[in-house]
A.B. asks: 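Quick one: structure below, then a few questions.
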2 protein chains.
Amino acid sequence: MLNPLKNVLQEHQLKATSQRLTLLEYMMTHDTHPTAEMIHQDLPNISLATVYNTLEKFVEKKLVVIIDGISDGKRHYDAADHPHYHVINTRTNEIIDAANYDPAPLIKAAQAATGLKITEYKIDLYGVDPDSKPE
Amino acid sequence: MLNPLKNVLQEHQLKATSQRLTLLEYMMTHDTHPTAEMIHQDLPNISLATVYNTLEKFVEKKLVVIIDGISDGKRHYDAADHPHYHVINTRTNEIIDAANYDPAPLIKAAQAATGLKITEYKIDLYGVDPDSKPE
DNA sequence: CTTTTTGATAAGAATGGTTCTAAATTATTA
DNA sequence: TAATAATTTAGAACCATTCTTATCAAAAAG
């Protein structure tokens with residue numbers, strides 16, 4: 001099998017259709033945290049419904065994560081190929097990836113507090129440029 | 001001034017109208033993480049539009065935080081009177097408050113990674129009952 | 001090879017949570 | 001008071017997302 005993306009899909013029990021391969025590659029090679037609409041504009045041959053359907057499947061399989069809480073009201077998506085968290089510049093809405101933090105103590109604290117088995121975590125921090133004028 | 005909630009509003013440059021007092025007290029005394037619609041049902045004398053408007057103001061003033069990412073698609077709200085994070089039981093959608101974690105190292109890591117001044121953080125963890133059958 | 005079955009995709013309609021609008025009410029100031 | 005400003009309201013509008021139904025493609029069975 002020469003196409004590693006095809007493998008990724010099959011390992012996650014997803015049929016490797018051309019739309020899914022295109023979308024997965026798009027997500028893997030873009031760190032722009034796009035909305036469904038933005039993806040659809042870049043890949044007009046894939047219908048908006050399929051973009052939504054496929055992203056939902058990818059989220060289920062944990063290939064992609066949702067970023068919400070952005071003040072544009074839309075849902076953003078991000079490839080989940082390496083563990084990281086997001087820092088959102090509230091002045092520009094820019095979403096920045098960061099990975100220099102080990103969430104293990106947080107996970108442990110949450111399991112201790114709730115008794116639940118933590119399967120996923122979402123860490124979003126909000127900040128502004130330190131030198132930006134208060135509007 | 002005998003009403004502490006009135007003080008809270010005035011300290012945040014919000015006129016202490018009866019709707020705002022009622023809503024603030026509601027949020028302070030309920031840890032049920034309600035949606036706007038749920039609040040409106042409990043407080044039918046306050047219009048849904050005012051519930052939304054007022055919650056938005058409270059969020060701006062950091063008296064209330066938004067919890068999204070719940071699989072019911074709706075926005076939930078929570079009083080922000082003490083720092084804590086949320087653990088969501090993905091089987092029941094129950095939102096559990098937890099506070100046994102100090103986010104200081106996370107904040108530090110984020111500032112180091114991005115150069116931004118972190119003003120807010122949102123930590124949501126997702127988990128299931130350890131003894132629940134996988135559907 | 002067909003045929004059948006299953007699952008994926010597409011186009012557009014429908015949904016519904018949230019936001020907006022314009023009018024009515026209430027508070028504030030002169 | 002009158003005049004101005006801010007808040008609240010009911011309902012309309014919005015629009016991101018989901019749903020519906022039909023079409024299509026791929027795999028499985030025969």
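Keep in mind it's a predicted model, so treat the numbers as computed, not measured. Every chain is numbered from 1 and lettered A, B, ... according to where its sequence line falls, protein lines coming before strand lines.
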A.B. asks: Without decimals, in angstroms, what is the distance between Lys61(A) NZ and dA8(C) C1'?
C.D. replies: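 It is 15 Å, rounded to the nearest whole Å.
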
A.B. asks: Mind checking if Asn45(A) touches a base, just sugar-phosphate, or nothing, with heavy atoms under 4.0 Å?
C.D. replies: sugar-phosphate

A.B. asks: Looking at Gln19(A), I'd like to know whether one of its side-chain N or O atoms comes within less than 4.0 Å of OP1 or OP2 on dA10(C).
C.D. replies: yes

A.B. asks: Expressed in angstrom and rounded to an integer, what is the separation of Leu43(B) atom CG from dT9(D) atom C1'?
C.D. replies: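 After rounding, the reported distance stands at 16 Å.
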
A.B. asks: Indicate yes or no: at least one non-hydrogen side-chain atom of Lys122(A) is less than 4.5 angstrom from one of Ile66(A).
C.D. replies: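 Yes, close enough: below the 4.5 Å cut-off.
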
A.B. asks: Starting from C1' on dA26(D), measure out to CG on Leu14(A) and report it in whole angstrom.
C.D. replies: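 Nearest whole value for this atom pair: 15 Å.
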
A.B. asks: Residues in side-chain contact (heavy atoms from CB on, under 4.5 Å) with Lys108(A), at least two apart?
C.D. replies: none

A.B. asks: Could you check how far CD1 of Ile46(A) sits from P of dA11(C), rounded to whole Å?
C.D. replies: 12 Å

A.B. asks: List the residues meeting side-chain hydrogen bond (donor to acceptor under 3.5 Å, both in side chains) with Glu120(A), not counting sequence neighbours, and say none if there are none.
C.D. replies: Lys62(A)

A.B. asks: What's the CE-P distance between Met38(B) and dG17(C), to the nearest Å?
C.D. replies: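 That distance rounds to 13 Å.
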
A.B. asks: My understanding is that a hydrophobic cluster links ILVMFWY residues whose side chain heavy atoms are under 4.5 Å apart, including indirect links. Using that, what else belongs to the cluster containing Val65(A)?
C.D. replies: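 Traced through the cluster, Val65(A) reaches no other member.
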
A.B. asks: Glu56(A): which residues meet the salt bridge (Lys or Arg N to Asp or Glu O under 4.0 Å) condition with it, sequence neighbours left out?
C.D. replies: none

A.B. asks: Under 3.5 Å, which donor-acceptor pairs do the side chains of residues 94-106 of chain B form with other protein atoms, sequence neighbours left out?
C.D. replies:
residue   : atom : partner   : partner atom : Å
Asp97(B)  : OD1  : His33(B)  : NE2          : 2.8
Asp97(B)  : OD1  : His84(B)  : NE2          : 3.3
Asp97(B)  : OD1  : His86(B)  : NE2          : 3.3
Asp97(B)  : OD2  : His33(B)  : NE2          : 3.4
Asn100(B) : OD1  : Tyr85(B)  : OH           : 2.8
Asn100(B) : ND2  : Ala109(A) : O            : 3.0
Tyr101(B) : OH   : Tyr101(A) : OH           : 2.3
Asp102(B) : OD1  : Ala104(B) : N            : 3.0

A.B. asks: Anything under 3.5 Å between a donor and an acceptor, one on a side chain of residues 39-49 of chain B, the other on a protein residue two or more places apart or in another chain? List them.
C.D. replies:
residue  : atom : partner  : partner atom : Å
His40(B) : ND1  : Ile46(B) : O            : 2.8
Gln41(B) : NE2  : Glu37(B) : OE2          : 3.4
Asp42(B) : OD2  : Tyr26(B) : OH           : 2.5
Ser47(B) : OG   : Thr50(B) : N            : 3.1
Ser47(B) : OG   : Thr50(B) : OG1          : 3.1

A.B. asks: Report yes if some heavy atom in the side chain of Tyr126(B) is under 4.5 Å from a heavy atom in the side chain of Asn89(B); otherwise report no.
C.D. replies: no

A.B. asks: Between dA10(C), dT8(D), dT9(C), spot the one nearest the side chain of Ser47(A), thanks.
C.D. replies: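 Closest nucleotide among those given: dA10(C).
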
A.B. asks: Quickly work out the Leu23(A) CG to dA8(C) P distance and round it to whole Å.
C.D. replies: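 Checked: the CG to P distance equals 14 Å.
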
A.B. asks: Output yes when at least one side-chain N/O atom of Thr50(A) is less than 4.0 Å from OP1 or OP2 of dA10(C), else no.
C.D. replies: yes

A.B. asks: Could you encode protein contacts along nucleotides 24-30 of chain C as a string, one character per nucleotide from 5' to 3', using B for base contact, S for sugar-phosphate-only contact and - for no contact, with a heavy-atom cut-off of under 4.0 Å?
C.D. replies: ----S--

A.B. asks: Base contacts versus sugar-phosphate-only contacts with protein, heavy atoms under 4.0 Å: please encode nucleotides 16-24 of chain D as B, S and - from 5' to 3'.
C.D. replies: SBBB-----

A.B. asks: dT18(C) C1' sits how many Å from Ile66(B) CD1, rounded?
C.D. replies: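 In whole Å, dT18(C) C1' lies 11 Å from Ile66(B) CD1.
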
A.B. asks: Ser71(B): which residues meet the side-chain hydrogen bond (donor to acceptor under 3.5 Å, both in side chains) condition with it, sequence neighbours left out?
C.D. replies: Asn93(B)

A.B. asks: Nearest-Å distance, CG (Leu55(B)) to P (dT9(D))?
C.D. replies: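 After rounding, the gap between these two atoms is 13 Å.
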
